[in-house]
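To start, the structure itself, in structure tokens.
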Amino acid sequence: MNARRKENYVIGPDGSPLTLADLPNPSTQRWVIRRKAEVVAAVRGGLLSLEEACERYRLTVEEFLGWQRAIDKHGLAGLRTTRIQHYRAKPNPMGA
């Protein structure tokens with residue numbers, strides 16, 4: 001059987017065990033750094049599949065992958081909404 005085994009818990013972004021019960025509420029509307037990082041950790045650790053996370057939190061795959069890329073490139077600070085423009089900004093070759 002090729003079914004992937006579901007994990008009971010994963011290690012969260014703060015180093016503590018994270019279970020399904022610890023994840024943000026599915027009706028979450030205010031996505032602070034910790035909540036985004038918990039969802040990314042849950043998917044990476046096999047607690048939720050990407051599809052389950054996107055359905056549960058009404059996210060697009062692109063939005064989730066953006067969170068994941070931000071963590072990979074800039075750590076948790078990359079998830080700050082106020083810093084998104086800074087991290088996404090590309091230098092203008094014209095200097096403007």
Side-chain angles (χ1 to χ4, degrees):
M1 180 190 247
N2 281 340
R4 196 168 143 194
R5 186 174 145 273
K6 279 274 203 185
E7 297 298 328
N8 293 327
Y9 74 93
V10 297
I11 301 303
D14 65 355
S16 63
L18 185 65
T19 67
L20 284 174
D22 300 318
L23 291 176
N25 188 304
S27 64
T28 294
Q29 293 187 13
R30 186 167 177 263
W31 284 100
V32 296
I33 293 170
R34 177 185 52 81
R35 291 180 185 144
K36 292 176 186 178
E38 287 172 345
V39 173
V40 171
V43 172
R44 284 185 165 167
L47 194 59
L48 287 175
S49 69
L50 173 60
E51 295 77 19
E52 289 169 329
C54 289
E55 183 177 324
R56 178 178 177 138
Y57 295 110
R58 297 176 308 284
L59 302 171
T60 64
V61 171
E62 291 77 20
E63 187 173 16
F64 175 85
L65 293 176
W67 292 356
Q68 195 167 261
R69 278 190 303 274
I71 290 171
D72 290 345
K73 193 167 184 179
H74 303 288
L76 295 181
L79 293 173
R80 279 194 201 127
T81 57
T82 57
R83 301 295 292 174
I84 287 173
Q85 290 301 341
H86 171 76
Y87 292 131
R88 289 187 184 165
K90 293 188 167 109
N92 185 334
M94 303 302 284

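Residues take their numbers from the sequence shown, with the count starting at 1.
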Which heavy atom of [X] sits nearest a heavy atom of [Y], and at what distance?
X	Y	value
Leu76	Ala37	CD2-CB, 3.5 Å
Val39	Ala53	CG1-CB, 4.1 Å
Gly12	Ala41	CA-CB, 4.4 Å

> Excluding sequence neighbours, so at least two apart, what forms salt bridge (charged side-chain N to carboxylate O under 4.0 Å, His left out) with Glu52?
Replying inline: Lys6

Side-chain donor-acceptor pairs under 3.5 Å in residues 64-71, sequence neighbours left out?
none

> Which side chain to side chain donor-acceptor pair (under 3.5 Å) pairs, counting each pair once, include a residue from residues 19-31, with sequence neighbours left out?
Replying inline: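 Every side chain to side chain donor-acceptor pair (under 3.5 Å) pair that includes a residue of residues 19-31, provided the two are not neighbours, is Thr19-Asp22, Asn25-Ser27.
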
> With no hydrogens and no angle check, is any side-chain donor or acceptor of Arg58 less than 3.5 Å from a backbone partner on Pro26?
Replying inline: yes

Kindly indicate whether the side chain of [X], heavy atoms from C-beta on, has any atom under 4.5 Å from the side chain of [Y].
X	Y	answer
Val32	Arg35	yes
Ser16	Ile11	no
Val40	Arg44	yes

> Who are the side chain to side chain contact (heavy atoms under 4.5 Å, CB included) partners of Thr60, not counting sequence neighbours?
Replying inline: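 Thr60 satisfies side chain to side chain contact (heavy atoms under 4.5 Å, CB included) with Glu62, Glu63 only.
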
>> List the residues meeting side chain to side chain contact (heavy atoms under 4.5 Å, CB included) with Leu23, not counting sequence neighbours, and say none if there are none.
In response: Leu18, Leu20, Glu38, Ala42, Leu47, Leu48, Arg56, Tyr57

> Can you list every ring pair (Phe, Tyr, Trp, His ring centres under 6.0 Å) pair that touches residues 8-29, not counting sequence neighbours?
Replying inline: none

